[in-house]
Amino acid sequence: MEAQNKVKIYINKKEMTYSRQNMIKAINGFIPYLSIDDLTRLANEINSAKEQIRYNEQKSREEGKNIPIQSNRYDT
């Protein structure tokens with residue numbers, strides 16, 4: 001059985017919900033403690049994630065164009 005990593009976000013000693021804003025606050029809180037190499041690796045991972053998201057969005061748009069519009073069969 002694999003051990004699962006659990007992440008909890010605490011801001012001012014209070015556990016926060018998993019919202020984008022809270023995750024960004026937590027990440028920004030760690031940035032001053034990272035080395036140049038850490039920041040470079042983080043930037044590369046962010047850029048890779050952005051490219052993957054763009055690719056998935058474009059693929060989704062293209063797939064959406066191929067879905068035929070269905071008319072209500074009771075309209076005939």
Side-chain atoms of residues 40-49: list all donor-acceptor pairs with protein atoms under 3.5 Å, sequence neighbours left out, distances to 0.1 Å.
residue	atom	partner	partner atom	Å
T40	OG1	I36	O	2.9
R41	NH2	D38	OD1	3.0
N44	ND2	T40	O	3.4
N47	ND2	A43	O	3.3
S48	OG	N44	O	3.1

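Annotation: side-chain contact (heavy atoms from CB on, under 4.5 Å) contacts of E57 (sequence neighbours excluded): I53, R61. Annotation: salt bridge (Lys or Arg N to Asp or Glu O under 4.0 Å) contacts of E63 (sequence neighbours excluded): none. Among residues two or more places apart in sequence or in another chain, the side chain to side chain donor-acceptor pair (under 3.5 Å) test is passed with N56 by Q52. N28 pairs by the side-chain contact (heavy atoms from CB on, under 4.5 Å) definition with I24, I31, not counting sequence neighbours. K59 meets the salt bridge (Lys or Arg N to Asp or Glu O under 4.0 Å) test with no other residue; sequence neighbours excluded.
In the hydrophobic clustering of this structure, M16 groups with M23; members are Ile, Leu, Val, Met, Phe, Trp, Tyr whose side-chain heavy atoms approach within less than 4.5 Å, directly or through other members.
Counting all heavy atoms, side chain and backbone alike, P32 lies closest to G29 at CD-O, 3.5 Å.
Applying the salt bridge (charged side-chain N to carboxylate O under 4.0 Å, His left out) test to residues at least two apart or on different chains, none of the pairs has a partner in residues 10-26.
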